[in-house]
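Position 1 is the first residue of the sequence, and the numbers go up from there. Start at 1 and go down the list; that is how both ligands and their atoms are numbered.
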Amino acid sequence: MDYLSITGPSRLNGEVTISGAKNAALPLMAATLLCDRPVTVSNIPDVADIRTLLKLFGKLGSRFDFENGTLRIDNSALSSTTATYDIVKTMRASILVLGPLLARFGRCEVSLPGGCAIGQRPIDLHLKALEQMGATIEIKNGYVVATAPDGLKGARIIFDKITVTGSENIIMAAALAKGKTEIINAAREPEVVQLCEELQKSGVEIEGIGTDELTVYGTDRQPVCLRDFAVIPDRIEAGTYLCAAAITYGSITLKNVRPDHLDAVTAKLQEAGCRIESDTNTLTLHPAARLRAFEISTTEYPGFPTDMQAQFMALATQAEGVSIIEERLFENRFMHVSELQRLGASIHLKGNTATLHGPIQLLGADVMATDLRASSALVLAGLAASGVTNVHRIYHLDRGYENLHGKLATLGAKIERLKE
Ligand code: EPZ
């Protein structure tokens, strides 16, 4: 296994180009299963989660090539509708093939994803909605066996909780259903919006895009065909680099971003004392004179994103005063706390709320990544700590950050990727 060796403290300065959004690419790639003609998707990040989904597609019988961030894929002649455990267990977002496979073929078997480090991650809301659309759902030998021999029919779906991939699964299922599907309490994340926009461009009529009430007029099993498109920039990767500049008191310009996707994040950085400039597809952060403590409560978009919680906790170790961070979406998304404490951070946990006192001079140490965003938080802390910080188990990082250490080195970080 590899690990990252970071020597701090450092000050990051310069420009970095943000990659395509992993969490947009995954549902959009799943949506190509609705098509019976080739589709080209560009600006896909070359990260482990994308490779995992392509491995799954290969087992379904997809024909594709993926190079330089561009995927040319043809799902006209699939040979299987089974997403097997060996793949789904490594990436729970594989559940995104459930909706499109069921809608197009009338049956599919998808391994139950199981939980992960940050929580139990149930899919009950996905399954309940598909049943409302006429599917029969059985759980057999650890698989979801879904059938709808006469196709799915439109329904009025009210999600008890806002679920991103749940909304995406049902939008894709509704695209080929017979009649109208209303989705109430839908997720509004930019990744959900792009999925709707690309489906709409391919002829699926969708009303309410960008709101929490969607209406999808299905094609009654007529395959749709997505027009060639580029994936939106990754707002979480962008937020992570903004935090890297803020925590090291450097100035950074991000290129190929959507500033409007980062309003809650940039507002919080400004509250902490940073200065932000933006135009259509760039964002520049100038550092605070001294970082100020802040309060965060994670919530669904457009509120403060849970995927930025760990990175801001690292930042809070350097902020003057008492910072309070409440994690409201996942029941176990504080795995980075004990690792940050190894670096010297002063963090008190009570239920789903962390209280931090700062600023603390962090000291380099060996730490262990536990999940994707926690691992990026440890890298940020290592940039600010004095001495050497070794971040182990960085296969977590590789799932969602393209060339993280290379991009950080370009900005002036002293960082190496080494073999254990
Ligand atoms: C998506 O996960 C993202 N993943 C996550 O990003 C992100 O943290 C999360 O949304 C919240 O924004 C992808 O888009 C691939 P949810 P998802 O369904 O869809 C509960 C990353 O770091 N829930 O919106 O799985 C669930 O337990 C990853 O890139 C149910 O109870 O999250 C959670 O408490 C981590 N039943 C809440 O809803 C269900 O059927 C939100 O989960 C579904 C969800």
- Message: List ligand 1 atoms under 4.0 Å from Leu329, heavy atoms only on the residue side.
- Response: 11 (C), 33 (C), 34 (O)
- Item | Gln200 (side chain) donor-acceptor with Ile206 (main chain) under 3.5 angstrom | yes
- Item | Protein contact to atom 17 (P) of ligand 1 [nearest heavy atom, distance to 0.1 Å] | Thr165 OG1, 3.6 Å
- Between Glu191 and Arg235, is the closest basic N to carboxylate O distance under 4.0 Å? yes
- Item | Element-labelled atoms of ligand 1 that are located less than 4.0 Å from some non-hydrogen atom of His126 | 40 (O)
- Query: Looking only at heavy atoms, what is the nearest atom pair of Glu402 and Glu237, with distance?
  - Reply: O-OE2, 4.4 Å
- Note on the structure: One finds that the ligand 1 atoms under 4.0 Å from a non-hydrogen atom of Ala93 are 15 (C)
- Message: Using 0.5 Å steps for rounding, measure from the CD atom of Glu131 to the CD1 atom of Ile157.
- Response: 10.5 Å
- Item | Minimum side-chain heavy-atom gap His336-Arg373 below 4.5 Å | no
- In short, Tyr249 meets Leu291 closest at the heavy-atom pair OH-N, 3.0 Å
- Taking NZ, NE, NH1 and NH2 as the nitrogens, is one of them in Asp65 or Arg72 under 4.0 Å from a carboxylate oxygen of the other? yes
- A student checking ligand 1 against Ile123 at a 4.0 Å heavy-atom cut-off should list atoms 39 (C), 40 (O)
- Could you tell me which non-hydrogen atom of Gly400 sits nearest to which non-hydrogen atom of Val47, and how far apart they are? C-CG1, 3.9 Å
- For Leu372, the atoms of ligand 1 under 4.0 Å from one of its heavy atoms are 22 (O), 29 (O)
- Protein residue, atom and distance nearest to atom 5 (C) of ligand 1, heavy-atom basis: Asp307 OD2, 3.8 Å
- for atom 22 (O) of ligand 1, nearest protein heavy atom and its distance come out as Arg373 NE, 2.9 Å
- Considering only protein heavy atoms, which is closest to atom 41 (C) of ligand 1, and at what distance to one decimal place? Ile162 O, 3.8 Å
- Note on the structure: At under 4.0 Å between heavy atoms, what of Lys22 touches ligand 1? The answer is side chain
- the protein heavy atom lying closest to atom 39 (C) of ligand 1 turns out to be Pro122 O, 3.1 Å
- Task: Verify the distance criterion only: is there a donor paired with an acceptor across the side chains of Thr32 and Asn75 at less than 3.5 Å?
- Result: yes
- Note on the structure: Ranked by distance from atom 4 (N) of ligand 1, the top protein heavy atom is Asn23 ND2, 3.7 Å
- Heavy atom of the protein closest to atom 1 (C) of ligand 1 (residue, atom name, distance): Val164 CB, 3.9 Å
- Numbered atoms of ligand 1 (with element) below 4.0 Å of Lys161, judged on heavy atoms: 20 (C), 31 (O), 38 (O)
- Item | Check: Thr84/Asp86 side-chain N/O donor and acceptor closer than 3.5 Å | yes
- Heavy-atom nearest neighbour in the protein, as seen from atom 40 (O) of ligand 1, with distance rounded to 0.1 Å: Leu125 N, 2.7 Å
- Does a side chain donor of either Ser5 or Glu416 reach within less than 3.5 Å of an acceptor in the other side chain? no
- Task: Classify the contact between Gln309 and ligand 1 as side chain, backbone, both or neither, using a heavy-atom distance cut-off of under 4.0 Å.
- Result: neither
- Please report the closest heavy-atom contact between Leu349 and Ala354, naming both atoms and the distance. CD2-CB, 3.6 Å
- ligand 1-proximal atoms of Arg92, by part, heavy-atom distance under 4.0 Å: side chain
- Closest by any non-hydrogen atom to atom 26 (C) of ligand 1: pick that one out of Phe330, Tyr301, Phe159. Phe330
- Message: Within the 4.0 Å heavy-atom shell around Arg121, which atoms of ligand 1 are there?
- Response: 2 (O), 17 (P), 25 (O)
- Message: Using a 4.0 Å cut-off to any heavy atom of Arg333, which atoms of ligand 1 qualify?
- Response: 8 (O), 22 (O), 35 (C)
- Thr306, portion touching ligand 1 at heavy-atom distance under 4.0 Å: side chain
- Message: Under 4.0 Å between a side-chain nitrogen and a carboxylate oxygen: does that hold for Asp150 and Arg221?
- Response: no
